[in-house]
Undergrad: 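My questions will all concern the structure given below.
By convention here, the first residue in the shown sequence is residue 1. In listed order, ligands and their atoms are each counted from 1. Only this structure's heavy atoms are used, side chains among them; waters, hydrogens and symmetry mates stay out.
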Amino acid sequence: MEHITLTNGTKIPQLGFGVFQIPPENTKEIVKQAIEVGYRHFDTAQAYFNEAELGEAIKESGIKREEFFITTKVWHTSHGYQETKKACEESLKKLKTNYIDLYLIHQNIGDIYSTWKALEELYKENKVKAIGVCNFTPSRYVNLSLHSQIKPMINQIEVNPFYQQDQIETFYQKYETTVESWGPLAEGKNNIFNNQTLKKIAQKYEKTVAQIILRWIIQRGIITFPKSTKKERMTENINIFDFELKEEDMEKIKELETGIPIADIDSPEFVEAISKYEV
Ligand code: NAP
């Protein structure tokens with residue numbers, strides 16, 4: 001497994017496992033399978049309602065806590081200084097751990113600045129080992145970076161072949177931010193697994209379309225954590241470190257950009273819809 005080192009020295013396994021949309025009643029069993037397959041990096045959130053079950057699976061694995069990398073996120077209904085500190089305590093309890101490896105602001109909504117101040121303090125208290133944000137557009141990211149004591153170390157954003165965000169490499173290098181890709185497989189939407197360009201590349205390397213996509217993300221220096229409820233797919237998705245895509249194939253994938261995201265985070269409609277979603 002390749003690792004990425006953040007500005008503060010924290011090391012993250014570049015490929016992890018996401019548990020969004022895995023119902024709580026199935027999470028423990030699915031995460032146990034993912035651990036068996038070899039995953040040690042898990043991405044959850046307060047708003048996924050499965051932190052407790054993820055924590056149980058990790059505890060029951062018998063593998064040392066230090067071998068895992070756990071990310072969770074604070075939802076906007078817990079934004080604000082005191083509320084965020086409380087939400088973090090609740091997440092720690094549910095995850096059955098005394099530290100979180102990476103704690104993120106989930107959505108750029110509401111009182112971001114008090115929330116970020118709480119994250120900075122949690123980081124200084126060593127309750128969280130690294131801090132960052134999700135779904136920040138570059139301008140909002142710069143704003144937070146320039147007006148806070150500690151810069152976000154991560155921005156977790158949508159990146160997949162149909163929405164590539166190819167400006168990010170140069171932009172985030174300047175701010176020494178690491179990018180994480182959510183929805184790497186475009187959540188299976190827009191017939192991605194039958195895309196002709198991806199299928200041809202997959203045939204050439206004798207890999208699957210999912211493996212080609214994930215390898216393309218990894219080769220861009222981005223961290224990612226595909227979700228799957230099926231053990232054979234979990235195995236497929238983690239087996240991407242034994243080949244390398246040639247530059248010409250990286251370029252072919254570039255042509256798949258549509259400019260259309262799964263979630264248009266900068267639209268008023270998105271902010272309205274997310275603001276209504278309470279946990
Ligand atoms: P995703 O990983 O892009 O796609 C998951 C979908 O692909 C599921 O339908 C899964 O089906 C299918 N799949 C997985 N591996 C496959 C394979 N090898 N072949 C064919 N189908 C495959 O979508 P995601 O879950 O939205 O994104 C990944 C993670 O990113 C999440 O779990 C979450 O941790 C994070 N995330 C964060 C945000 C944010 O706002 N910060 C938003 C969305 C997601 P099966 O389960 O049936 O295998």
Undergrad: Please state which part of Phe225 comes within less than 4.0 Å of ligand 1, counting heavy atoms only: side chain, backbone, both or neither.
TA: both

Undergrad: Could you label the plane-to-plane angle of the Phe42 and Tyr39 rings as parallel, tilted or perpendicular, counting under 30° as parallel and over 60° as perpendicular?
TA: tilted

Undergrad: Take atom NZ of Lys204 as the centre, draw a 6.0 Å sphere, and report whether it contains more than 12 heavy atoms from other residues, nucleotides or ligands.
TA: yes

Undergrad: Grab the two heavy atoms, one from Tyr99 and one from Glu66, that are nearest each other, plus how far apart they are.
TA: OH-CA, 3.6 Å

Undergrad: So which heavy atom in the protein is nearest atom 15 (N) of ligand 1, and how far is it from that ligand atom?
TA: Asn237 ND2, 3.0 Å

Undergrad: What's the shortest distance from atom 26 (O) of ligand 1 to any protein heavy atom, and which residue and atom give it?
TA: Glu187 OE2, 2.6 Å

Undergrad: Using a 4.0 Å heavy-atom threshold (strictly under), name the region of Cys134 that reaches ligand 1: side chain, backbone, both or neither.
TA: side chain

Undergrad: Which heavy atom of the protein is the closest neighbour of atom 14 (C) of ligand 1, given with residue, atom name and distance?
TA: Lys227 O, 3.1 Å

Undergrad: Assess the side chains of Asp43 and Gln156: does a donor N or O sit below 3.5 Å from an acceptor N or O?
TA: yes

Undergrad: For ligand 1, is any non-hydrogen atom under 4.0 Å from Thr224's backbone (N, CA, C, O), its side chain (CB onward), both, or neither?
TA: neither

Undergrad: Check for a donor-acceptor pair, side chain of Arg40 on one end and backbone N or O of Ile35 on the other, with a separation under 3.5 Å.
TA: yes

Undergrad: Just to confirm my output: which protein heavy-atom neighbour is closest to atom 42 (C) of ligand 1, and how far is it?
TA: Trp182 CD2, 3.2 Å

Undergrad: Just by distance, no angles: are the side chains of Tyr141 and Thr177 close enough, under 3.5 Å, to form a donor-acceptor pair?
TA: yes

Undergrad: List ligand 1 atoms under 4.0 Å from Lys230, heavy atoms only on the residue side.
TA: 45 (P), 47 (O), 48 (O)

Undergrad: Report the part of Ala45 in contact with ligand 1, treating N, CA, C, O as backbone and CB onward as side chain, heavy atoms under 4.0 Å; options are side chain, backbone, both, neither.
TA: neither

Undergrad: Assign the ring pair Tyr205 / Phe243 to parallel, tilted or perpendicular, where the plane angle (0 to 90°) is split at 30° and 60°.
TA: tilted

Undergrad: Closest non-hydrogen protein atom to atom 41 (N) of ligand 1, residue and atom name please, with distance?
TA: Gln156 OE1, 2.8 Å

Undergrad: Below a 4.0 angstrom heavy-atom separation, can you tell me which part of Glu236, side chain or backbone, both or neither, approaches ligand 1?
TA: side chain

Undergrad: If Ile, Leu, Val, Met, Phe, Trp and Tyr residues are connected whenever their side-chain heavy atoms lie under 4.5 Å apart, and connections chain through other members, are Tyr277 and Ile105 in the same group?
TA: no

